[in-house]
Amino acid sequence: MPDLRRMKQLGQSFLVNRDIAIAEAEHAHGKVVLEIGPGRGILTEELVKNAEKVIAVEKDYLLFKSLASTMPEKNLKLIHGDFFEVAPEDLELERVEILIANIPYYISSRVIAWAWEHRMQAVLCLQKEFVKHMLAKEGTRGYSRLSVMCSLMLSITEIMPVDRGNFRPIPMVDSEVIYIKPREARISERESELINLLMQHKKKRVRNAILDSHRQLGVEKKRLLEISEEIGKKEERIFKLGPQTILGLARELDAMLSGR
Ligand code: SAH
């Protein structure tokens, strides 16, 4: 009997259409590939055919054991554990060239942030709605912190839609495979924090968004009042501003707050 609670907790929904795995594995040719959550191994099987080496991390011990006993391929290294807790040496990050994975949706944001940080290109199957948010443009409903950060830090190519019927158990939502590549852009922790803050108030005008952030910024209202009068685009609504403009505002704000 499958353990339903565990399946839910770990976001387990297994791909059953091999053609999709074959298409994803096209990006593995001759490369050292990292896979998160191999599950029952449908993608792993296709990856090992094309890749120089596959390093796959599975958190569920039973799935890990079962894969280890059914996949003797010499170019496969299976690791049992939570992907985010595995040591970089064990992941062989020095050698890994691409991440290819159908990941559980609950870790989508974390995996994307990880890919940025590690300058790692990736082919990922994600929730279609999530991809929409990643690609949303200014002025539209889905435009959010995620859209701004993705636009600034990644180049994103849509590869193919994947209907929910291709997974078992059938999830509530459709998916999409995308290819992401980190851009050279460097954004500091502070800038990212300020972008976050601005986007939390995305419906407001810039000056009000800044004024209403006095608690989070830990700056007294009087000083913020001055800043909000001096800052560019103060009358514009944040969600109408493009990612580069938002980044510009975050930098301006950072400079003003730190008295530069
Ligand atoms: N890639 C497989 C399975 C997808 S289901 C397929 O396409 O069929 C997601 C898989 O990720 C499950 O096997 C689940 O146990 C595993 N998983 C969930 N969280 C994980 C984590 N933090 N680290 C590694 N594996 C994880």
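Only heavy atoms go into these numbers, but all of them, side chains included; no hydrogens, no water, no symmetry mates.
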(message) Apply side chain to side chain contact (heavy atoms under 4.5 Å, CB included) to residues Val206 and Ile231 and explain how you reach the verdict.
(response) CA-CA 8 Å; Val206 172; Ile231 199 150; 3.9 Å; yes
(request) Decide yes or no on side chain to side chain contact (heavy atoms under 4.5 Å, CB included) for Arg18 and Ile20, but give the supporting numbers first. (result) CA-CA 5 Å; Arg18 188 163 293 271; Ile20 292 167; over 6 Å; no
(request) Give the C-alpha distance, both sets of side-chain angles, the deciding distance and a yes or no for side chain to side chain contact (heavy atoms under 4.5 Å, CB included) between Phe130 and Val173. (result) CA-CA 10 Å; Phe130 187 83; Val173 291; over 6 Å; no
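Contacts classified as salt bridge (Lys or Arg N to Asp or Glu O under 4.0 Å) and involving residues 172-185 (residues at least two apart or in different chains) are given here: Arg164-Asp174. Each salt bridge (Lys or Arg N to Asp or Glu O under 4.0 Å) pair with one or both residues in residues 48-64, not counting sequence neighbours, appears once here: Arg6-Asp60, Glu46-Lys49, Glu52-Arg95, Lys53-Glu92, Lys59-Asp82.
Judged by distance alone, with hydrogens and angles left aside, the side-chain atoms of His133 form a donor-acceptor pair with the main-chain N or O of Gly142 at under 3.5 Å. Panel note: side chain Asn75, backbone Ala51; a donor-acceptor pair is recorded below 3.5 Å. Side chain of Ser13 to main chain of Pro169: a donor-acceptor pair is present (N/O by atom type, distance under 3.5 Å, no hydrogens or angles). In terms of modelled atom types and a separation under 3.5 Å, the side chain of Arg145 and the main chain of Met199 share no donor-acceptor contact. Side chain of Ser66 to main chain of Leu62: no donor-acceptor pair is present (N/O by atom type, distance under 3.5 Å, no hydrogens or angles). Looking at Glu191, its side chain does come within 3.5 Å of a backbone N or O of Ser188 through a donor-acceptor pair. No donor-acceptor pair closer than 3.5 Å links the side chain of Lys233 to the backbone N or O of Thr245. For Asn166 (side chain) and Leu15 (main-chain N/O), no donor-acceptor pair under 3.5 Å exists by modelled atom type.
Side-chain contact check for Val33 versus Ile55: every heavy-atom pair is 4.5 Å or farther apart. The shortest distance between side-chain heavy atoms of Val16 and Phe167 does not fall below 4.5 Å. Between Val177 and Glu24, some side-chain heavy-atom pair lies under the 4.5 Å cut-off. You'll find the side chain of Gln12 reaches within 4.5 Å of the side chain of Leu63, heavy atoms only.
The aromatic rings of Trp114 and Phe83 lie perpendicular to each other, with more than 60° between the two planes, well past the 30° mark.
Note that CG of Leu76 and CG of Leu67 are 8.0 Å apart. Values are rounded to the nearest 0.5 Å. Atoms CG and CD1, on Asp90 and Ile79 in that order, are 5.5 Å from each other to the nearest 0.5 Å. Separating the CD atom in Glu229 from the CD1 atom in Ile227 is a distance of 11.5 Å, to the nearest 0.5 Å. The structure places SG of Cys150 at 7.5 Å from CD1 of Ile180, a figure rounded to the nearest 0.5 Å.
Using modelled atom types and a 3.5 Å distance limit, the side chains of Thr44 and Glu35 yield a donor-acceptor pair.
Screening Val123, Leu126, Leu154 for a side chain to side chain contact (heavy atoms under 4.5 Å, CB included) involving Ile178 leaves a single residue, Leu126.
Applying the salt bridge (Lys or Arg N to Asp or Glu O under 4.0 Å) test to Glu117 and every residue at least two apart in sequence or in another chain returns nothing. Qualifying salt bridge (Lys or Arg N to Asp or Glu O under 4.0 Å) partners for Glu73, counting only residues two or more places apart in sequence or in other chains: none. The salt bridge (Lys or Arg N to Asp or Glu O under 4.0 Å) search around Arg190 returns Glu193, Asp254, not counting sequence neighbours. Checked against salt bridge (Lys or Arg N to Asp or Glu O under 4.0 Å), Lys204 has the following partners two or more places apart in sequence or in another chain: Asp212.
In this structure, Arg40 is positioned above the aromatic face of Phe14, its NZ or CZ under 6.0 Å from the six-membered ring centre and within 45° of the axis.
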